[in-house]
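Before any comments, here is the structure.
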Amino acid sequence: MGAFHINRMLFPEGKRKALTFSYDDGRVHDRRLVKMMDEAGVKGTFNLNTRNLGMVETMEIDGRCVDDSTITAEEIPHLFKRHEVATHASKHSAVTACGSAALYEILEDRKILEDIVPYMVLGHAYPFGIYDQDSFAMLKAAGIRYARTVVSTGGFGLPGNFLEWHPTCHHADGRLMDLARAFCEKDPPYGDPQLFYVWGHSFEFDRQDNWEIMENLLSYLSGYADQIWMATNMEIVDYVTAYQNLVFSADGMKVYNPSVHTVWMESTGEIYQVPSGERIVFAATS
């Protein structure tokens, strides 16, 4: 009889930590944020309302004239080249507030964005953070595979349901840097994989004149870049799903990877790389 194996998912290259960002509404301040993220080598997902693209607006805050315009459709392929775009309802309508109209808005976002980017758009962020249990069926009908909420966990666990994906925190959370330090400097309990997920709106930095929040965060995280998998939301969903779809033999000594993604895992203290379409045999344990 084969030995009992304790299996644990690892991120690409055998890393135990992953980082992702999620920013909503597609304001022109995404340009500055993306530049900062690109320079720091991190990745994220940008949730866009396609009916609002190309809007030109300003607003006055504390005597300052603040640009509240949105990016244009034409700049999306280049601006978000290293990142992901996802749906946010074409007119920013909450899924529980407008019934079947929300399904149309999500599909409209998908159709417009998929004409712009070279991949299928399968992610969503709930406008206003509003959703209910019925929202999951609606999103599945629209072909959506994950949806981000605005509920901060203050932790680094992976979601049990990707259609109810709670982030670690908003960038304005007073715990932000403490959480970053805990994520980077402490070993994951029991070696379990950890995800640090930060969300927000780029216009908040301009309205509140506090871009230093992101500057300080990215500067700190860059010191641990070699230990962290930098990923978009969808890359995380695809990878976790690939791990969950691994097929194990009855005795637990072999594993087959039917997905298109190479998967890394730990089995009884040993780290293994399981290539796409291949089967591996675990080392015997005493």
Side-chain angles (χ1 to χ4, degrees), residues 20-94 97-98 105-106 108-109 112-113 116-117 121 123-130 148-152 167-177 179-180 197-222 232-233:
T20 195
F21 292 85
S22 180
Y23 276 81
D24 300 348
D25 295 354
R27 293 300 197 271
V28 291
H29 313 292
D30 282 0
R31 298 167 184 161
R32 179 173 177 179
L33 178 58
V34 167
K35 185 175 185 294
M36 293 168 61
M37 292 172 67
D38 286 348
E39 290 173 349
V42 305
K43 298 172 75 173
T45 295
F46 291 81
N47 308 291
L48 308 177
N49 316 108
T50 52
R51 288 279 190 97
N52 294 337
L53 293 174
M55 177 182 69
V56 178
E57 288 187 3
T58 59
M59 61 190 307
E60 187 171 316
I61 299 178
D62 298 328
R64 294 184 299 124
C65 182
V66 176
D67 194 349
D68 201 45
S69 303
T70 58
I71 61 169
T72 65
E74 291 74 19
E75 66 185 299
I76 288 173
H78 175 73
L79 179 62
F80 301 120
K81 184 177 181 179
R82 294 188 65 257
H83 307 274
E84 173 198 9
V85 296
T87 68
H88 197 36
S90 60
K91 294 188 292 185
H92 203 267
S93 298
C98 55
E105 286 195 35
I106 294 167
E108 183 178 29
D109 265 356
I112 292 173
L113 293 172
I116 297 173
V117 297
V121 176
H124 185 67
Y126 292 109
F128 312 106
I130 297 173
R148 196 213 73 229
T149 76
V150 298
V151 179
S152 296
T168 302
C169 68
H170 185 277
H171 69 243
D173 193 309
R175 303 169 294 173
L176 178 68
M177 291 308 299
L179 288 168
Y197 188 156
V198 179
W199 79 281
H201 306 83
S202 62
F203 64 73
E204 294 173 296
F205 296 119
D206 224 52
R207 292 181 186 180
Q208 298 163 20
D209 195 20
N210 59 5
W211 281 95
E212 69 276 3
I213 288 177
M214 185 57 76
E215 291 168 355
N216 293 338
L217 177 64
L218 294 178
S219 176
Y220 175 78
L221 291 171
S222 65
T232 66
N233 289 193

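In this text the structure is predicted, and so the values were computed from the model without any measurement.
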*Kindly determine whether Thr232 and Phe80 satisfy side-chain contact (heavy atoms from CB on, under 4.5 Å), including the steps that lead there.*
CA-CA 11 Å; Thr232 66; Phe80 301 120; over 6 Å; no

*Taking side chain as C-beta onward, heavy atoms only, is Phe46 less than 4.5 Å from Leu33?*
yes

*asked:* Less than 3.5 Å apart, any donor N or O on the side chain of His92 or Glu105 sitting next to an acceptor on the other?
replied: no

*Any chance you could measure Ile112, atom CD1, to Leu53, atom CG, to the nearest 0.5 Å?*
7.5 Å

*Calculate, to the nearest 0.5 Å, the distance between atoms CD and CE belonging to Glu204 and Met214 respectively.*
10.0 Å

*Quick one: side chain to side chain contact (heavy atoms under 4.5 Å, CB included) partners of Val117, sequence neighbours excluded?*
Ile76, Val85, Tyr119, Val121

_Please report the interatomic distance CD1(Ile71) to CE(Met55), rounded to the nearest 0.5 Å._
11.0 Å

*Hey, are Thr58 and Asp67 close enough side-chain-wise for a donor-acceptor pair under 3.5 Å?*
no

*Only pairs at least two apart or in different chains count here, so list each salt bridge (charged side-chain N to carboxylate O under 4.0 Å, His left out) that has a residue in residues 42-58.*
Lys43-Glu235, Arg51-Glu108

*Please walk me through it: do His88 and Asp25 pass side-chain contact (heavy atoms from CB on, under 4.5 Å)?*
CA-CA 7 Å; His88 197 36; Asp25 295 354; 3.0 Å; yes

*Return the minimal non-hydrogen interatomic distance between Leu176 and Cys169, and the atom names on each side.*
CD1-SG, 3.7 Å

*Considering all heavy atoms of both residues, which atom of Leu221 and which atom of Ala180 are nearest to each other, and what is their separation?*
CD2-CB, 4.5 Å

*Hey, are Asp173 and Arg175 close enough for a salt bridge, meaning a charged N less than 4.0 Å from a carboxylate O?*
yes

*State, without any angle test, whether Arg148 and Ser22 hold a side-chain donor-acceptor pair at a distance under 3.5 Å.*
yes

*Let me see the working for Val34 and His83 under side-chain contact (heavy atoms from CB on, under 4.5 Å), right down to the final yes or no.*
CA-CA 9 Å; Val34 167; His83 307 274; 3.9 Å; yes

*Exercise: identify the closest heavy-atom pair between Ser202 and Asp30*: OG-OD1, 2.6 Å

*Do the side chains of Ile116 and Pro77 get nearer than 4.5 Å, heavy atoms only?*
yes

_Walk me through whether Thr87 and Leu48 qualify under side-chain contact (heavy atoms from CB on, under 4.5 Å)._
CA-CA 6 Å; Thr87 68; Leu48 308 177; over 6 Å; no

*Return the set of residues passing side chain to side chain donor-acceptor pair (under 3.5 Å) with Asn49 (not counting sequence neighbours), or none when no residue passes.*
none

*Candidate pair Asp109 and Thr50, rule side-chain hydrogen bond (donor to acceptor under 3.5 Å, both in side chains), full reasoning*: CA-CA 6 Å; Asp109 265 356; Thr50 52; 2.5 Å; yes

*Drop me the distance from Ile213's CD1 to Gln208's CD, to the nearest 0.5 angstrom.*
7.0 Å

*Of the non-hydrogen atoms in Thr45 and Asn47, which two are nearest, and what is the gap between them?*
CG2-OD1, 3.7 Å

*asked:* Tell me every residue that passes side chain to side chain contact (heavy atoms under 4.5 Å, CB included) with Glu215, counting only those two or more places apart in sequence or in another chain.
replied: Arg32, Met36, Trp211, Glu212

*Not counting sequence neighbours, list each pair that qualifies as a ring-ring contact (aromatic ring centres under 6.0 Å, His included) and has a residue in residues 22-43.*
Tyr23-His171

*asked:* Nearest 0.5 Å, please: how far is CZ in Phe21 from OG1 in Thr168?
replied: 10.0 Å

*Residue pair His170 / Val198: nearest heavy atoms and the distance that separates them*: C-CG1, 4.4 Å

*Excluding sequence neighbours, so at least two apart, what forms ring-ring contact (aromatic ring centres under 6.0 Å, His included) with Tyr126?*
His124, Tyr131

*Where Asp38 and Arg82 come nearest, the two heavy atoms and their spacing*: OD1-NH1, 3.1 Å

*Is a salt bridge present between Glu39 and Lys35, judged by a nitrogen-to-oxygen distance below 4.0 Å?*
yes

*Rounded to the nearest 0.5 Å, how far does CE of Met59 lie from CZ of Phe203?*
8.5 Å

